[in-house]
Structures are given as structure tokens and as C-alpha cells.
Amino acid sequence: SSFTSRLVRLDLAANRIDDDGARQLAESTSIVVLSELNLRSNRIGVPGMRAFANSPYRMELTGVDLRGNLPDGIAVLQKSLREGVLRALT
């Protein structure tokens, strides 16, 4: 839709998003235009973080807030930092 094509920041903090929800979001073409994504205080672990790290649609994403998720999952996204895609990961 035209609304999601203009969306640059998305705050989904504390929405009980789990690995399946994270995978669905990572596979959505709607995240292509996002520059900032707040997924703080959800239930995202390694599978969900891996989905984001491998998503072909995250190219504009420069900031992601993942505080309060499952700790092992956050290390998966460090790959994106090393590749220079993400500028801020908290």
C-alpha cells in the first residue's frame, strides 16, 4: 500500500513477537523502505534473528533495537554489522 511505502520507522516493542513473527516480518517486502526498526522486549531468538540477518529486504535498515530479546539471537545480527549494513544495533 502507499502507507507502507512511506514508512521509515516501525516500533513493534513489547508485542510478544516470537521467531515465527520475526521470520514473517523479515520476509515482508514492506521492510525494504524501513531505516529504523524497534523490536525491543519481544521473544525473538536465534531463528528469528537469523531470518533478519538473511533477509533480502533489509538493505535500507540502519538501526535496530533488539534489547530485551533472547540473548543468543542478538549475536546472529552481528554479521550484518560486519557487512556494514547496520549502523546501530542495540
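Please read all numbers here as calculations on a predicted model, not as lab measurements.
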Test your reading of the model: is there a side-chain donor-acceptor pair from N15 to the backbone of A13, 3.5 Å cut-off? yes
When you compare the side chain of L25 with that of L39, does any pair of heavy atoms fall below 4.5 Å? yes
Main chain of T62, side chain of S35: is a donor-acceptor contact present, judged purely on distance under 3.5 Å? no
Can you name the nearest heavy-atom pair linking N69 to M49, along with the distance? CB-CE, 4.0 Å
On a heavy-atom basis, which atom in A51 and which in A26 lie closest, and how many Å separate them? O-CB, 3.5 Å
Distance-minimising heavy-atom pair for R43 and L70: O-CD1, 4.1 Å
Keeping D19 on the side-chain end and G45 on the backbone end, is there a donor-acceptor pair under 3.5 Å? yes
Should L37 and D65 count as side-chain neighbours, where that means a heavy-atom distance under 4.5 Å? no
What distance do R40 atom CZ and I17 atom CD1 have between them, rounded to the nearest 0.5 Å? 14.5 Å
Which atom names give the shortest non-hydrogen contact between A22 and G48, and what distance separates them? CB-CA, 3.8 Å
Hey, could you give me the CG/CD distance between D11 and E36, rounded to the nearest 0.5 Å? 10.0 Å
Working to the nearest 0.5 angstrom, can you tell me the gap between R16 CZ and I44 CD1? 14.5 Å
Within a strict 4.5 Å, meaning less than it, do heavy atoms of the Y57 and L34 side chains meet? no
Inter-residue atom distance S55.OG - I31.CD1, 0.5 Å rounding: 4.0 Å
Looking at G68, is its backbone amide N or carbonyl O close enough to the side chain of S41 to form a donor-acceptor pair, meaning the two atoms are under 3.5 Å apart? no
Measure across N42 and L12 and return the closest heavy-atom pair with its distance rounded to 0.1 Å. ND2-O, 3.1 Å
